[in-house]
Amino acid sequence: MKKKNVISFALFIITLAVLPHLVSGYWQRVLTQTFLFASIAVGSNIIIGYTGYPAFGNIAFFGVGAYVTGVLTTKYNMAFVATLPFCALSGIVLAILLGIPILRLKGHYFAIATVGVMETIKELIDNMTELTGGGLGLTLPIMQGEPEHIYRFFYYAMLLCMLFALLLSYVISKVKLGYALRAIRVDEDAASVMGINTPLYKTFAWALSASAVGIAGGIYAYWLSYIDPHTVFVGTYSVKMFAMILLGGAGTVMGPLLGAFTLELISELIWSKFIAIHGMVLGLLIIFIILFIPKGMFETFKGGFSFRKLLTNLRENSL
Amino acid sequence: MIILQILINGLLLGAFYALIGIGFSLVWGVTNIINLSHGAIALLGAYLTFFLFQTFRLDPFLSIPVSFIAMFSFGYLLQRYLMNFVVKAQIFMLLILTFGLEIFLVNFMTTFFSADFRSVTPSYAGNSLVLGSIVIPYIRLAVFSICVIIAVAMALFLDKTWPGKAIKATSLDIEASMMSGINPAKIYALTFALGSGLAGVSGTLLTLTQAFSPSIAGGLTLRAFIVSILGGLGRIEGALIGGLLLGVLETFSSYLIGESYKNAIAFGLMVLVLIVKPSGLMGRKYYAEVKH
Amino acid sequence: MIMLETKNVAKNYGGLKVLSDVNFNVTNGEILGIIGPNGAGKTTLMNMISRLTPITGGVIVYKGETINDKKPYEVSKMGISRTFQVVKPFGGLSVLENVMVGAFYGKRSVKTKREARLAAEEALGIVGLETMSNKDPRTLPLAQRKKLEVARALAMDPDLLLLDEVMAGLDARELCDMMSEILKLKEKGITIIVIEHVMKAIMGISDRIVVLHLGRKIFEGRPDEVVKDPAVIEAYLGTKYAAKG
């Protein structure tokens, strides 16, 4: 990293660290939510951006992580923090088990298979009433303390989760593994003849990605203190996550983070003004990103903003 | 006897799945667009039928052509002025674009048509054909017949007519078809329009057989997807068999294991087929697949 | 000593026979040229040696070991490197980083970035791309992209290098340049198989030549013998006439 980048990143983190003491509970909640999406986007970027496997159903690991925390805290009286390693582990194990068959698929087929997996897991959890409460959901132990204290607790927990995902993503981009993943993204055959054990590395990448997403799910469950299959296996989250990755720039370390901040804050501004049509605006926003800035805002607007740059993508990708 | 009744119910349901799958599969096979808003477009057709029935007492069966033409035009515009700008981008861009469209349409319908479940019940809704202990509602029988007739008509259209042949040629080899004077942009738009038109028709038929709300859009799309996977891309007869298979499987698994595992079994089957035979149970490779 | 040997190698796609009963060998330090008109099965053969394509019949023996059941990443660790006919550099990585991937994962398999960079710089130096290190490979002209392919394969520290049409599409000067590069590699002790469908390019550098036609070996011998062989002449002229008709 360049010195300038290190400094601005440090400033960014320091600002986020002191912010809860300056802003209202509402903004703390908004930011916590933003960190949540940033964690998911940055974590998922490892398989989607670096490796080029569009894991549309990556939210499956989020849901499973949420249920791991839910079940462990309610049925086994485990402390919340102690459940988080299990959230990561659940993602890793699941990604390895699923990765062996599914990562052989490519493109559309892989994308939809992951959606199928997500829906299947969702329905299984829905039916495992004994353990998960099924459709009735699961009520987690509520954290004790002042509301202000609780707000800050989740703010910092989610911030740490986001930093964990970022660190993971940064380290991968710098070490040997990162080169293998980017080679796989461009041309799997070429990567393979260069000595890269493609099935192994793809699975490894997915497992790492799943661990970060799983932890985010665990924190989310405790934050919400109530989960049911529909609140943690959300198709819309998948799309949002994809839009964030694309908006910021897939395959870069900071891109998904900035994409998450941009989209989530825009979304929040819209939410407060047009509650009724929020969903429609979100849909339009996603369409806009895909049409005009699919390469990410930094790549697209390198050297300044202009409307002409917006239109180049349209021309390049149309028939 | 109950087994036979379940089988019949499954086939009746399956023909509807086939119809929703045909349009989806055709679009996917020819243009390589996985249209995640397919279910939402079908629901637009359903609401059109619902409002025509409510306002003008138009018989739902008579609104089939209305739905078809309306959604055909809508689909044509969508492809021409939206999808077409992304067709050459990475495949998951299109996936997200159509999902964005789905989110938009579903929320549009929720906002303007409400999230309530609706249904259309013409006066003859309760009549059934009774054969011993087997009961077949006339409406379901009619829906089944229409689905099969449309499937056959589509197959004939693709095999016998000039535009149909052009669609097939484009799906097999886009470069070669361009050299023989076919404009792929027009073919893509036509294909997408046809797919949407068929979705509209299936929406109309949906109103007759079950209650609907904007929230079921995703479920419809996923069923269309499973049908396409089972049958192989862009193949009418494949979609028909895939649809019937899915219908029978769903009704049987509901009976044997329980309603609540219906989706898990359908999705599980889909993932299994994807892993074992990605070209579908009776599929062969289409141009769009070979390219990517 | 024989480095690579194919015994009755065959390839079928369904009922279509792409290769049948192909036998040849390459000895240490040699340059073997494989030529043949389009559709002769050259690239399929190369894909089989690098283990991208399943082998339908026969065996391929490398350094005394059968490699039929090996994966591409396994044989590359054993010292087989190759280039691709259609050049696909890893976009998003610079020229240097592209070559580093080879050093990280080929037979060399270095652990640290420093070692990988050193190996990559050396490989780029050999092909004369050292000044391009920081460029985006997608912006390079064809001749340089082909050299990048060679550098990537070299960084893997190969014993056997398969060059798939690295000379096709180059102009006269670039061709000369590439030919001398390949001879330089031979001097370093690397065994090389060169595949081309242009005869001329391959004559000057090969020690021996194998000619494939419609999936069969129709000739094997020294370059000066090839041009006189009636079967080879017919194969090339025949297809030429067929193309005209």
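Below, chain A is the first sequence line, B the second, and so on; all start at residue 1. It should be emphasised that the depicted structure is a prediction, and the values quoted were computed from it without experimental measurement.
Atom OH in B/Y261 sits 6.0 Å away from atom CG in A/L124 (nearest 0.5 Å). For the atom pair A/T236 OG1 and B/F99 CZ, the distance stands at 6.0 Å (nearest 0.5 Å). To the nearest 0.5 Å, the span separating CD1 on B/I275 from CG on A/L105 amounts to 6.0 Å. Note that the CD1 atom of A/I287 and the CD atom of B/E102 stand 11.0 Å from one another [nearest 0.5 Å]. Rounded to the nearest 0.5 angstrom, B/L105 CG and A/M280 CE are separated by 9.0 Å. Between the CD atom in A/E123 and the CZ atom in B/F267 there is a gap of 7.5 Å [rounded to 0.5 Å].
The most heavy-atom pairs under 4.5 Å with chain B, out of A/I121, A/T120, A/I290, come from A/I290. Across A/I112, A/T114, A/I48, the residue that shares the most heavy-atom pairs under 4.5 angstrom with chain B is A/I112. In terms of non-hydrogen atom pairs under 4.5 Å with chain B, the most contact-rich of A/L282, A/V117, A/L284 is A/L284.
For a residue to count as touching a neighbouring chain, one of its non-hydrogen atoms must lie under 4.5 Å from one of that chain's; by this rule B/L222 touches chain A with the side chain only. Of the atoms belonging to A/D126, not a single heavy atom falls under 4.5 Å from chain B. The part of B/V271 that comes within reach of chain A is its side chain, from C-beta onward, which places non-hydrogen atoms under 4.5 angstrom from that chain. Only the side chain of A/F56 comes within contact range of chain B, with at least one heavy atom under 4.5 Å from a heavy atom of that chain. The contact between B/L36 and chain A is made entirely by side chain atoms (from C-beta outward), counting heavy-atom distances below 4.5 Å. B/M93 touches chain A through backbone and side chain together, each having a heavy atom under 4.5 Å away. Heavy atoms of B/F108 lying under 4.5 Å from chain A belong to its backbone as well as its side chain. For a residue to count as touching a neighbouring chain, one of its non-hydrogen atoms must lie under 4.5 Å from one of that chain's; by this rule A/V281 does not touch chain B.
In B/F113, the CZ atom is crowded: over 12 heavy atoms of neighbouring residues, nucleotides or ligands sit closer than 6.0 Å. A/F261 CZ: more than 12 foreign heavy atoms inside a 6.0 Å radius.
For the side-chain contact (heavy atoms from CB on, under 4.5 Å) with B/I96, the qualifying choice from A/I289, A/I245, A/L246 is A/L246, the only one to do so.
Across A/I286 and B/G100, no two heavy atoms sit closer than the pair CG2-CA, 3.9 Å.
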